[in-house]
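Read through the structure below, which is laid out as structure tokens, and then see the notes.
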Amino acid sequence: MTGDHTALHAGLGAWFAAEARPLPWRAADTTPWGVLVSEIMLQQTPASRVEAPWREWMTRWPTPGDLAAAPVDEVLRAWGRLGYPRRALRLRQSATAIVERHGGVVPEDEAALLALPGIGRYTAAAVLAFAFGRRSLVLDVNIRRVLARYHRGVEHPAAHETADERREALAFVPDRDADAALWSASAMELGAVVCTARSPRCGDCPVSEGCAWLAAGRPAWEGPARVAQAWEGTDRQCRGRIMAALRATEAAVPLTDIAWPDEAQLLRAASGLVTDGLARQTPEGLRLP
DNA sequence: AATGCGTGGAA
DNA sequence: TTTCCAAGCAT
């Protein structure tokens, strides 16, 4: 291991022990299922918004079997406004698969986790590390940004991961299982609360001394311009509008009740929701499945 | 491999 | 006010 690896490890460990947010899914008595649920909810979603729904879900559906037995419409209502409701659908499908294929126990096996719907490389690695204390390559946007700055001296990670980046990141993961899991949690936390995308708090950073980006004077990003995601007037916005209406009532909702300027787009969005299994068409209108 | 997929809070 | 972006995944 090179010098900047060990410096990053030493500084991060002490900082995490003192400063980590008391997020509920980090409690010692959280089950692997609880960790899995948290990781799905956290995909593209800030931790602060996940806390309340995660608590509710763990009380209501404490095991995979409980969620697998729940009606889909209840699951989608409990998901509420977390966003990307397909995640809720896939989480329930994962619960079913865990019951059917793994006896109701979250598998401690990367290939088995990857085979579950809604679980990709990041989430499988995170469950291995945070639920089972195993060494894995937890590479999310936070850790990618921390390493881009600290190790490579650039402000942002590239738009897409490369094999080289994964190899480079793996070299930072400590060898022992427990050390590796703790390091991953620490690096993520640093990226989430100090080494942030927009206004990094380098003055509060425990590893600023070894940071290549800071040493270079925090040079501005020179890579390809980052594409902004459109929102106003998109199908996504329209789908969100429809889902909000469906969650708000047990009754079927006629599309004419949904205020949307483009009728063709409204029909297309509704049809897409049905295709995705997020809605059901009835003679009286649209409703949750 | 580039896109589509929700939502709300901070800057 | 607008813009940016958040513990990604599937196709």
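Please read these numbers as outputs of a predicted model, since none were measured by experiment. In what follows, chains carry the letters A, B, and so on, assigned in the order in which the sequence lines appear, proteins first and then strands, with residues in each chain numbered from 1.
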Phosphate OP1/OP2 of [N]: any [X] side-chain N/O under 4.0 Å:
{"X": "Gln44(A)", "N": "dG8(C)", "value": "yes"}
{"X": "Arg247(A)", "N": "dT7(B)", "value": "yes"}
{"X": "Arg90(A)", "N": "dA10(C)", "value": "no"}
{"X": "Arg226(A)", "N": "dC5(C)", "value": "yes"}
{"X": "Arg241(A)", "N": "dT7(B)", "value": "no"}

Check: Tyr122(A)/Gln43(A) side-chain N/O donor and acceptor closer than 3.5 Å: no
Upstream residue (5' side of DNA chain C) when Leu116(A) and Arg21(A) are each assigned their closest nucleotide: Arg21(A)
On DNA chain C, does the nearest nucleotide to Arg121(A) precede the nearest nucleotide to Thr196(A) from the 5' side, or the other way round? Give the residue. Thr196(A)
Heavy-atom closest pair, residues Phe132(A) and Pro107(A): CE1-O, 3.6 Å
Remember a base hit wins even if backbone is also touched, and classify [X] as base, sugar-phosphate or nothing at under 4.0 Å, heavy atoms.
{"X": "Val138(A)", "result": "nothing"}
{"X": "Leu23(A)", "result": "base"}
{"X": "Arg198(A)", "result": "base"}
{"X": "Ala47(A)", "result": "nothing"}
{"X": "Ala126(A)", "result": "nothing"}
{"X": "Arg26(A)", "result": "base"}
{"X": "Ala159(A)", "result": "nothing"}
{"X": "Trp25(A)", "result": "base"}
{"X": "Gln229(A)", "result": "base"}
{"X": "Arg49(A)", "result": "base"}
{"X": "Thr123(A)", "result": "sugar-phosphate"}
{"X": "Ser199(A)", "result": "sugar-phosphate"}

Looking only at atom [atom1], what distance separates [N] and [M], rounded to whole Å?
{"N": "dG8(B)", "M": "dT1(C)", "atom1": "C1'", "answer": "16 Å"}
{"N": "dA1(B)", "M": "dG8(C)", "atom1": "C1'", "answer": "16 Å"}
{"N": "dA7(C)", "M": "dT3(B)", "atom1": "P", "answer": "24 Å"}

Residue closer to the 5' end of DNA chain B, His160(A) versus Arg87(A) (nearest nucleotide): His160(A)
Is Arg166(A) atom CZ crowded by more than 12 heavy atoms from other residues, nucleotides or ligands, each under 6.0 Å away? yes
Quick check: are there more than 12 heavy atoms from other residues, nucleotides or ligands sitting under 6.0 Å from CZ of Arg152(A)? yes
Is there a donor and acceptor pair closer than 3.5 Å between the side chain of Arg236(A) and the base of dG6(B)? yes
Using only heavy-atom distances, decide whether a donor-acceptor pair under 3.5 angstrom links the side-chain of Thr234(A) to the base of dG4(B). no
What nucleotide among [options] has an atom nearest to a side-chain atom of [X]?
{"X": "Val141(A)", "options": "dA7(C), dC5(B), dC4(C)", "result": "dA7(C)"}
{"X": "Ala228(A)", "options": "dA7(C), dC4(C), dG6(B)", "result": "dC4(C)"}
{"X": "Tyr122(A)", "options": "dC5(B), dT7(B), dA7(C)", "result": "dA7(C)"}

Please report the distance, rounded to the nearest Å, between [atom1] in [X] and [atom2] in [N].
{"X": "Met243(A)", "N": "dG4(B)", "atom1": "CE", "atom2": "P", "result": "20 Å"}
{"X": "Met41(A)", "N": "dT7(B)", "atom1": "CE", "atom2": "P", "result": "15 Å"}
{"X": "Ile119(A)", "N": "dA7(C)", "atom1": "CD1", "atom2": "C1'", "result": "13 Å"}
{"X": "Ile143(A)", "N": "dA7(C)", "atom1": "CD1", "atom2": "P", "result": "11 Å"}
{"X": "Leu273(A)", "N": "dG4(B)", "atom1": "CG", "atom2": "P", "result": "16 Å"}
{"X": "Met188(A)", "N": "dA6(C)", "atom1": "CE", "atom2": "P", "result": "12 Å"}
{"X": "Leu278(A)", "N": "dA10(C)", "atom1": "CG", "atom2": "P", "result": "15 Å"}
{"X": "Glu232(A)", "N": "dT3(C)", "atom1": "CD", "atom2": "C1'", "result": "13 Å"}

Could you tell me the separation between the CZ atom of Phe130(A) and the OG1 atom of Thr123(A), rounded to the nearest 0.5 Å? 10.5 Å
Pair Arg218(A) + Glu155(A), salt bridge at N-O below 4.0 Å: no
Check Arg60(A) with Glu74(A), please: is the shortest side-chain N to carboxylate O separation under 4.0 Å? yes
Hydrophobic cluster identity match, Met188(A) and Tyr150(A), side-chain contacts under 4.5 Å: yes
